[in-house]
Number of protein chains: 2
Amino acid sequence: MTPLKSRVTVVGSGNWGSVAAKLIASNTLKLTSFHDEVRMWVYEEKLPTGEKLSETINRTNENVKYLPGIKLGKNVVADPDLQNAVKDANMLVFVTPHQFMEGICKRLVGKLRNDAEAISLTKGMEVKREGPCMISSLISEQLGVNCCVLMGANIANEIAMEKFSEATVGYRKDKDKETADKWVQLFNTSYFAVSAVQDVEGVELCGTLKNVVAIGAGLVDGLDMGNNTKAAIMRIGLREMKAFSKLLFPSVKDSTFFESCGVADLITTCLGGRNRKCAEAFARNGGKRSFDELEAEMLQGQKLQGVSTAKEVYEVLKHRGWLELFPLFSTVHEICIGRLPPAAIVEYSEHTPKFSLVGGSAQFF
Amino acid sequence: MTPLKSRVTVVGSGNWGSVAAKLIASNTLKLTSFHDEVRMWVYEEKLPTGEKLSETINRTNENVKYLPGIKLGKNVVADPDLQNAVKDANMLVFVTPHQFMEGICKRLVGKLRNDAEAISLTKGMEVKREGPCMISSLISEQLGVNCCVLMGANIANEIAMEKFSEATVGYRKDKDKETADKWVQLFNTSYFAVSAVQDVEGVELCGTLKNVVAIGAGLVDGLDMGNNTKAAIMRIGLREMKAFSKLLFPSVKDSTFFESCGVADLITTCLGGRNRKCAEAFARNGGKRSFDELEAEMLQGQKLQGVSTAKEVYEVLKHRGWLELFPLFSTVHEICIGRLPPAAIVEYSEHTPKFSLVGGSAQFF
């Protein structure tokens with residue numbers, strides 16, 4: 001008996017969502033276990049030409065607004081009706097900005113197939129005082145589906161141009177291994193190397209916490225401290241990402257931080273990326289112009305994830321009495337709000353006398 | 001009873017040796033367990049002024065040739081007589097280019113104090129077919145002393161200017177922990193954060209293998225592939241560094257690669273550094289100008305460690321039948337010798353079909 005073919009829907013059609021649809025669509029054509037068609041839910045908008053975005057995508061096979069110049073594959077079908085887009089799919093790829101996720105999930109309650117599986121590509125969940133609000137958990141709990149995550153050093157436009165990169169799929173339990181392998185099959189191409197690890201929280205937290213480190217790296221750039229110092233800050237940042245994740249979720253594995261979602265995404269974000277860029281400008285202005293101001297000027301309406309995440313992480317650290325254990329995370333926040341000068345990023349030893357001991361002594365570091 | 005004070009001699013007075021003497025000299029003044037004076041063996045040479053290098057150092061307190069503009073500390077005493085320089089010291093810091101190490105050790109046999117301890121700061125040991133020839137082992141075996149290593153993201157000139165950076169001390173056995181802590185004390189300052197790990201081979205191998213990865217990163221730069229791809233190559237490189245080290249020395253620890261000697265040194269080397277730079281030029285020239293040619297033109301007589309290390313590593317891999325397990329290391333070598341084009345660095349999947357499986361399946365990865 002031939003098993004039923006899987007049907008895939010991508011929920012979201014921004015820059016990264018469109019690239020995800022392209023990757024997937026190239027694989028569903030090749031793999032016999034998937035229906036060729038990839039449905040992509042499009043938040044409908046009218047283009048300056050008067051045409052609707054979904055219609056343009058279906059006519060031109062391009063997302064002219066969010067990924068112009070790239071053919072998505074003829075088997076990608078844009079659908080502006082959320083419920084219609086998901087109703088036949090058993091594999092759902094969530095890739096909308098995180099602030100819309102809860103609203104979208106609410107609209108989908110009771111509308112999915114019973115055997116539906118989900119994966120989240122959305123980075124930047126919120127870290128609340130009582131702990132992080134994982135997007136994979138939100139999807140799981142609201143929709144009653146199993147939810148994996150896919151994270152990594154993934155600059156959408158570079159992947160769209162088929163430049164080599166990697167990604168990590170995180171899954172929760174032993175029994176989800178098979179599903180994770182199916183997601184790997186669906187995303188993996190010759191220029192996009194995907195591997196799976198059993199550590200959904202670790203993978204997802206990497207995607208959020210790296211932005212705090214990128215602020216630190218940007219400050220070092222703005223202070224003209226050189227590559228030595230920048231590398232040190234990135235390393236300390238990676239260590240704090242690991243320690244923070246493991247304190248919140250003891251199941252988080254060290255090895256996850258060697259994956260694309262860990263060290264590679266951190267590197268990409270600290271080399272390019274808007275958090276790094278604004279932090280560099282912040283330091284060059286001696287902290288005299290606020291992040292809000294620089295963000296408005298430099299990012300054309302995009303928001304700076306790192307500053308708000310640093311604040312959220314700080315709240316958790318303070319609430320739990322862990323501030324001293326995380327000199328980098330806490331210093332980044334204190335610089336962002338103007339309590340410390342930008343140069344404090346490389347003056348740990350004065351502010352946190354325990355700093356050099358932490359590395360050697362605390363078990364989880 | 002007060003324990004006897006330790007006496008330190010730095011064997012070597014190049015760029016990094018001079019910075020090491022400066023770091024140490026600032027600490028011996030503060031720490032009561034050390035004699036203030038730090039002796040530094042200088043390979044004597046005549047300066048264009050006619051004065052001897054050692055005399056100039058002792059007169060000006062600067063190494064005008066290898067670290068101009070930086071005061072070493074009045075308690076640094078340059079000594080051109082190798083045997084005289086070491087005879088009273090119980091702590092010996094070896095920091096000469098690796099090709100001179102064996103000759104220096106031979107001259108020191110039987111000349112050291114019975115209680116002498118050593119540390120090596122020299123990167124770039126050779127990897128012979130039968131395995132790496134560790135410099136710490138060379139020193140240990142030739143001189144009958146215990147030998148630690150200190151490695152990390154250490155660009156000497158940046159440390160000389162007291163810009164924040166980090167380093168890792170590697171020690172061999174449980175019983176050496178106390179000695180390692182003493183080395184940490186001797187090097188650690190507010191801008192140079194040192195920590196110790198029990199993994200001498202892991203720490204030392206990092207310092208050599210990163211240069212092979214830096215060739216890969218430079219090729220990516222020269223191909224204008226972007227940060228995504230560069231981060232992926234660095235991550236895969238780190239993974240191969242770890243796997244190679246663990247196959248050769250099962251005692252090597254994963255955690256070592258999170259230390260300054262691991263991920264941070266890799267980042268520094270792949271951002272700046274001469275291996276990266278020449279590899280970028282090599283790729284921009286489409287591989288048509290050899291590394292030898294570019295090296296001669298770009299490096300003013302300095303040698304490109306990465307190319308020869310890649311060859312040495314390749315020999316080991318071939319000899320042991322491991323080539324397929326290390327697609328990055330082997331591809332770098334094959335590009336260096338012109339067997340593959342520069343673009344092969346991002347075309348693993350074609351050359352090594354097992355590539356994407358390796359990450360998930362092989363135990364040591």
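Protein chains get the first letters and strands the later ones, always in sequence-line order, with residue 1 at the start of each.
- The part of Asp224(A) that comes within reach of chain B is its backbone (N, CA, C, O), which places non-hydrogen atoms under 4.5 angstrom from that chain.
- Of all the heavy atoms in Arg235(B) and Glu166(A), the pair that sits closest is NE-OE1, 2.6 Å.
- Within residues 264-280 of chain A, the residues that have a heavy atom under 4.5 Å from a heavy atom of chain B are Ala264(A), Ile267(A), Thr268(A), Leu271(A), Gly272(A), listed by number.
- Residue contact with chain B, scored on non-hydrogen atoms closer than 4.5 Å, involves the side chain of Met234(A) exclusively.
- Among Val346(A), Asn228(A), Ile233(A), the single residue meeting the side chain to side chain contact (heavy atoms under 4.5 Å, CB included) criterion with Ser165(B) is Asn228(A).
- Residues Asp254(A) and Asp254(B) form no side-chain contact, since every pair of their non-hydrogen atoms from C-beta on lies 4.5 Å or further apart.
- Within the model, atoms OH of Tyr191(A) and CD of Glu347(B) stand 14.0 Å from one another, a figure rounded to the nearest 0.5 Å.
- With contacts defined as side-chain heavy-atom distances shorter than 4.5 Å, the pair Leu223(A)/Phe164(B) does not qualify.
- For chain A, the option among Gly262(B), Ala153(B), Gly152(B) with the highest count of heavy-atom pairs below 4.5 Å is Ala153(B).
- Rounding to the nearest 0.5 Å places OG of Ser260(A) at 10.5 Å from CZ of Arg239(B).
- Ring geometry, Phe258(A) versus Phe258(B): the interplanar angle falls under 30°, so the pair is classed parallel (tilted spans 30 to 60°).
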Stepwise side chain to side chain contact (heavy atoms under 4.5 Å, CB included) check, Glu158(A) with Met225(B): CA-CA 8 Å; Glu158(A) 294 185 5; Met225(B) 300 289 291; over 6 Å; no

